[in-house]
Protein chains: 2
Amino acid sequence: MSRTPLHPTREQIDLPLVLDCLSDPIRLAIVYQLAQQERVSSELCCGDFNGLSGKSNLTYHFAKLRECGLMLTRVAGTNRFMRLRREDMDARFPGLLDAVISSAAKDADRLQLLPECEVVEAD
Amino acid sequence: MSRTPLHPTREQIDLPLVLDCLSDPIRLAIVYQLAQQERVSSELCCGDFNGLSGKSNLTYHFAKLRECGLMLTRVAGTNRFMRLRREDMDARFPGLLDAVISSAAKDADRLQLLPECEVVEAD
DNA sequence: CCCTATGTTCAACGTTTATTGAACTATCGA
DNA sequence: TCGATAGTTCAATAAACGTTGAACATAGGG
């Protein structure tokens with residue numbers, strides 16, 4: 001029951017499914033937060049997202065993000081650690097994830113995202 | 001009743017709404033087809049999409065695409081001509097539209113898109 | 001002026017979605 | 001061993017979504 005959940009292979013990743021996943025404000029916030037964490041090359045666990053919604057609702061959104069191939073869950077004791085499937089996404093749809101994340105960053109206020117770091121945009 | 005339909009201003013364009021719009025296979029196909037047409041700097045009318053679904057269903061999808069700011073409709077006689085709001089999208093979310101379209105191009109077969117031209121990808 | 005072609009509107013429908021709370025499982029530390 | 005912590009599962013619900021067909025509006029050509 002606590003085995004590592006299923007993820008699609010790289011080739012199975014489907015564009016409409018990915019876009020649908022990213023179109024939900026809560027899931028977009030999760031992805032955005034994971035992208036921030038990427039720079040520290042570390043992971044986040046479920047509890048780090050408790051601000052976004054209730055635990056049971058988050059479990060639902062995590063499953064969606066996993067099933068569409070956007071993120072990866074690693075089980076460690078009573079924790080689940082998650083990170084973006086950056087390499088697979090970049091190989092499958094080059095530039096897409098970055099474009100979405102920097103678009104989200106531009107609208108961080110409107111989307112109620114934590115401005116954890118400054119925007120990645122260079123001039 | 002046949003006045004030009006409402007479109008959001010550039011600033012009103014909302015990321016989750018845009019992604020949601022693009023996540024539907026029919027709407028993605030419409031956007032893809034409009035993007036192909038962009039190179040000829042011309043427009044397409046409703047009838048050009050009849051292969052994708054029934055007329056009444058297309059009207060529904062066109063409305064969604066308009067309301068989220070992805071495309072623009074111009075009424076001319078008994079026809080409606082449509083094109084992408086390329087400038088607004090690029091200003092609002094730089095790189096997003098291109099990333100989605102070239103991702104769709106990569107999966108043209110799987111998404112049942114017409115391979116109207118070869119893929120834009122350069123090496 | 002009628003007929004046709006183009007596209008919209010509306011109501012109906014079945015499906016999928018996001019959200020909730022309560023009950024549950026599993027792991028860790030005292 | 002007990003209790004707290006982390007997260008899942010499940011059933012229920014309300015809202016939104018995509019699709020359909022029939023009826024309608026409008027413009028252009030014979």
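Fair warning: this is a prediction, and the values are worked out from it, not measured in the lab.
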Report task. Would you check if the side chain of A:Arg27 reaches a backbone N or O of A:Cys21 as a donor-acceptor pair within less than 3.5 Å? Result -> yes
Requested in this report: Using atom types as modelled and distance alone, determine if a side-chain donor or acceptor of A:Asp98 lies under 3.5 Å from a backbone N or O of A:Gly95.
Outcome: no
Requested in this report: Would you mind classifying the nucleic acid contact of A:Gly54 as base, sugar-phosphate or nothing, using non-hydrogen atoms under 4.0 angstrom?
Outcome: nothing
Query raised in the report: Taking only N and O in the side chain of A:His61, is any of them less than 4.0 Å away from OP1 or OP2 of C:dT19?
Result: yes
Atom pairs under 3.5 Å, N or O on each side, protein against nucleotides 21-23 of chain C: can you list them with distances?
unit_1	atom_1	unit_2	atom_2	d
C:dG21	O6	A:Ser56	OG	2.8

Report task. Calculate the interatomic distance between A:Phe62 atom CZ and D:dG7 atom P; express it in whole Å. Result -> 8 Å
Query raised in the report: Which nucleotide in the list C:dG7, D:dG7, D:dT19 gets nearest to the side chain of B:Tyr60?
Result: D:dT19
**Report entry** Candidates D:dG18, C:dG7, D:dT8 - which lies nearest the side chain of A:Arg80
**Finding:** D:dT8
Query raised in the report: Which part of the nucleic acid does A:Ile26 contact within heavy-atom distance under 4.0 Å: base, sugar-phosphate only, or nothing?
Result: sugar-phosphate
Report summary line: Here the distance between atom C1' of D:dG7 and atom CG of A:Leu65, to the nearest Å, is 16 Å
Requested in this report: Check every atom of D:dG18, C:dT17, C:dT8 against the side chain of B:Cys46 and return the nucleotide holding the closest atom.
Outcome: C:dT8
Query - Residue A:Asp24, side-chain heavy atoms: nucleotide from C:dT9, C:dA18, D:dG7 that is nearest - result: C:dA18
Query raised in the report: Think B:Lys55 has a side-chain N or O under 4.0 angstrom from the OP1 or OP2 of C:dA5?
Result: no
Query raised in the report: Considering only side-chain heavy atoms of A:Thr78, which listed nucleotide, C:dC28, C:dT8, D:dT19, is closest?
Result: C:dC28
Report task. Would you please name every residue forming a side-chain hydrogen bond (donor to acceptor under 3.5 Å, both in side chains) with B:Asp107, sequence neighbours left out? Result -> A:Arg92
Query - Whole angstrom value for the distance that separates P of C:dT17 from CG of A:Leu58 - result: 18 Å
Query raised in the report: For D:dA27, does OP1 or OP2 lie under 4.0 Å from any side-chain N or O of B:Asn79?
Result: no
Requested in this report: Sequence neighbours left out, what passes side-chain hydrogen bond (donor to acceptor under 3.5 Å, both in side chains) with A:Glu38? Give chain and number order.
Outcome: A:Arg86
Report summary line: Checking A:Arg83, A:Arg66, A:Arg80 against A:Thr73 for side chain to side chain donor-acceptor pair (under 3.5 Å), the one that qualifies is A:Arg66
Query raised in the report: Do B:Leu19 and A:Asp24 have side-chain heavy atoms sitting under 4.5 Å apart?
Result: no
